[in-house]
2 protein chains.
Amino acid sequence: MSTVAKAVSLLETLGADISELGLAELAGRVGFDKTTTRRLLISLIECGLVEQDERSRCYRLGAGISRLALLREAQFPFLRTATPTVERLAQETGETVHLSEYSSRGLVSVHVVESTKANRVSVPVGMILPLHATASGIALLAFARKKLRDAVAEGPFPAFTRHTVSAPEELSKLIEAARARGYSTSTQGFEEGVFSVAAPILGVDGIAIGALAIATPQVRIRKGDIERHGAAVAAGASEIGEHLFGLLPSSAHAAAQPQRARARI
Amino acid sequence: MSTVAKAVSLLETLGADISELGLAELAGRVGFDKTTTRRLLISLIECGLVEQDERSRCYRLGAGISRLALLREAQFPFLRTATPTVERLAQETGETVHLSEYSSRGLVSVHVVESTKANRVSVPVGMILPLHATASGIALLAFARKKLRDAVAEGPFPAFTRHTVSAPEELSKLIEAARARGYSTSTQGFEEGVFSVAAPILGVDGIAIGALAIATPQVRIRKGDIERHGAAVAAGASEIGEHLFGLLPSSAHAAAQPQRARARI
DNA sequence: AACCGCCGTTGCGAATAACGAAATCAACAC
DNA sequence: GTGTTGATTTCGTTATTCGCAACGGCGGTT
């Protein structure tokens, strides 16, 4: 295990837990020696990525993390660009809408607007969504590089509910359907009683870089809701893609949305 | 130099530059061997903190960075809490308002609302502000631990303009004045022609964790503006502090703002 | 006031991860 | 085809990191 991987797993652990952590607790969770843990923490503190409470000696994520994220957002304004669309969709549908971005580690949920209804779906920001078990994941896979699809098809299929996809054929069927319709669906694949619809956000080369999804309690689904929500996320997702890539290089051809046609699948 | 420090300096470099960077360029900038740089990058990619463009082979900050920042924000909602106050102040004053948070590496600018006027001060988000040369830095120092003040008083005083503070006595005088008034001022200390007013945002123990500032072109300053802006940032900053720490432990005593009285200086 | 527990600190032999020169490979221009 | 630039791989050496164990210190407890 490389040193940076160790350092990052410390950061992950600090991010995962709600409360601040002491040295021993932290070392125990990540499975490193106390000395090693502390040496890494000191390095991270010097870089500003971790802070230590002077009084309780507990560790937490530092402002350097936020700084790096802000610098990234300045270069690639995914959140700033997508947020208005997410809010609007939440307003229009009255349901929970969430936005996710793909990274090598998985599909991370980056923005969520929860429904105002009492019975609603809640998605924590920063959560990593399994590709095979969520509508967002299926939408992403439908417009991903073949390499990634194959990797997921091979891999294990951790079951989150009794309805989670568990075979490559089943997965591939969902993916094909999503590609044909432009949006994906998932019924209780990740959480009991939750129904989701998602559409991919496409990058310049037609490869999905994220997903936009609507999640509702299954009991609330009425006839026509699926198609209506599907059309909404598809429109929202391509709107986000156009804003993202239309503005940066040349905003002239934004309306033509030529990306989708060029998708290498 | 520790391995994690190297990895972080890679992240910093990727964040600093506008355009994406190739391996050779990146290795040159950080001063590591090409092989070393690449090995670190691969580790970072596996952790999701860096992404590589498939086509151009260029590297950029990854979604994992944003994810960690979102997890941090969930634990300690500094931005979410402070943003409304910043926006309101910008509205009320018509000038550029910016918010910064302290970390071991310095005072980082985390949110900025620029004035709508043509002649205005611009502050890039993610920038690190020098403690001795900015109003925000002085405000922070006035309510910082003695250790930090001493460290800054000793250290070098990089000059950004002809007016930058350059002696410990001068600095200490500014700090004393800021502590007495509750807000600090800086005249062209960091940038020619810019005048700033700032107030500290205090943590539970009365130690400053950040600052709120108004920055205006010096030529626009009229009689009474300084006092007016000073009162505004002081009120805004303590409002932010109360919201941040009033909500978490017990919101009952928020109005009493007992933190300021307990300041250990 | 004495105790206990936990955190931080130090030293050192062993392990291993990082290092960097050089060779290979890929893409592109001419 | 050939030359150039830059990314990637290989491998022996080196230096860093690892982790055990023991010590010192602060805070909270009894």
Side-chain angles (χ1 to χ4, degrees), chain A residues 1-14 17 19-62 104 145-147 204-205 207 262 264, chain B residues 1-14 17 19-47 49-62 104 145-148 151 203-207 249 262 264:
Chain A
M1 192 180 200
S2 76
T3 305
V4 315
K6 285 177 202 154
V8 175
S9 84
L10 275 181
L11 295 176
E12 299 273 353
T13 308
L14 286 175
D17 219 79
S19 61
E20 303 185 353
L21 290 171
L23 178 60
E25 175 75 15
L26 192 50
R29 295 203 180 210
V30 296
F32 307 148
D33 187 88
K34 222 171 38 163
T35 312
T36 303
T37 307
R38 184 156 177 288
R39 249 200 320 269
L40 291 172
L41 283 170
I42 288 175
S43 297
L44 288 168
I45 288 173
E46 277 167 6
C47 300
L49 300 196
V50 167
E51 287 165 7
Q52 183 175 24
D53 189 289
E54 299 270 351
R55 178 192 310 275
S56 69
R57 320 251 89 184
C58 283
Y59 301 91
R60 58 169 181 269
L61 292 177
S104 59
R145 304 203 128 81
K146 188 166 185 308
K147 194 171 60 180
V204 281
D205 49 2
I207 299 297
R262 263 194 265 123
R264 290 203 237 122
Chain B
M1 190 179 201
S2 75
T3 305
V4 314
K6 284 179 200 152
V8 175
S9 84
L10 275 181
L11 294 176
E12 298 272 351
T13 308
L14 287 174
D17 222 77
S19 62
E20 302 184 355
L21 290 171
L23 178 61
E25 175 76 12
L26 192 50
R29 295 201 181 212
V30 295
F32 307 149
D33 188 89
K34 226 169 36 163
T35 312
T36 302
T37 306
R38 182 148 186 292
R39 214 153 7 78
L40 290 171
L41 283 170
I42 288 175
S43 297
L44 289 168
I45 287 173
E46 278 167 4
C47 301
L49 300 195
V50 167
E51 288 164 7
Q52 183 174 25
D53 189 291
E54 298 270 350
R55 180 192 308 277
S56 69
R57 320 254 86 185
C58 283
Y59 301 91
R60 59 169 180 271
L61 292 178
S104 59
R145 301 204 131 80
K146 188 165 185 310
K147 194 170 63 179
L148 177 60
V204 280
D205 49 2
I207 299 297
R262 263 195 264 126
R264 290 203 238 123

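Just so it is clear: chains get the letters A, B, ... in the order the sequence lines come, proteins before strands, and each one is counted from 1.
Between the P atom of C:dG8 and the CG atom of A:Leu26 lies a distance of 10 Å, rounded to the nearest Å.
For the pair B:Leu23 and B:Thr37, the tightest heavy-atom approach, listed with the atom from each and the gap, is CD1-CG2, 3.9 Å. Looking at every heavy atom in both residues, A:Cys47 comes nearest to B:Ala5 through SG-CA, 3.9 Å.
Applying the side chain to side chain donor-acceptor pair (under 3.5 Å) test to B:Glu54 and every residue at least two apart in sequence or in another chain returns nothing.
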* Dump the intermediate steps for side-chain contact (heavy atoms from CB on, under 4.5 Å) on B:Ile45 and B:Glu51, then the final yes or no. => CA-CA 6 Å; B:Ile45 287 173; B:Glu51 288 164 7; over 6 Å; no
* Asked: Given A:Leu41 and A:Leu26, is the side-chain contact (heavy atoms from CB on, under 4.5 Å) satisfied, shown in steps?
  -> CA-CA 10 Å; A:Leu41 283 170; A:Leu26 192 50; 3.8 Å; yes
* Asked: Do B:Ser104 and A:Glu46 pass the side-chain contact (heavy atoms from CB on, under 4.5 Å) test, and can you show the C-alpha distance, the side-chain angles, and the key distance before you say yes or no?
  -> CA-CA 6 Å; B:Ser104 59; A:Glu46 277 167 6; 5.9 Å; no
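Counting heavy atoms from C-beta outward, B:Phe32 and B:Arg39 have side chains that stay 4.5 Å or more apart. Contact of the A:Val30 side chain with the A:Glu25 side chain is not registered, since no non-hydrogen atoms from C-beta on lie closer than 4.5 Å.
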* To do: Summarise how protein sits on nucleotides 24-30 of chain C as a single string, 5' to 3': B when a protein heavy atom is under 4.0 Å from the base, S for sugar-phosphate-only contact, - for no contact.
  => -------
* How does protein contact run along nucleotides 4-23 of chain D, one letter per nucleotide 5' to 3', with B for base contact, S for sugar-phosphate only, - for none, heavy atoms under 4.0 Å? -> ---BBBB------SBBBB--
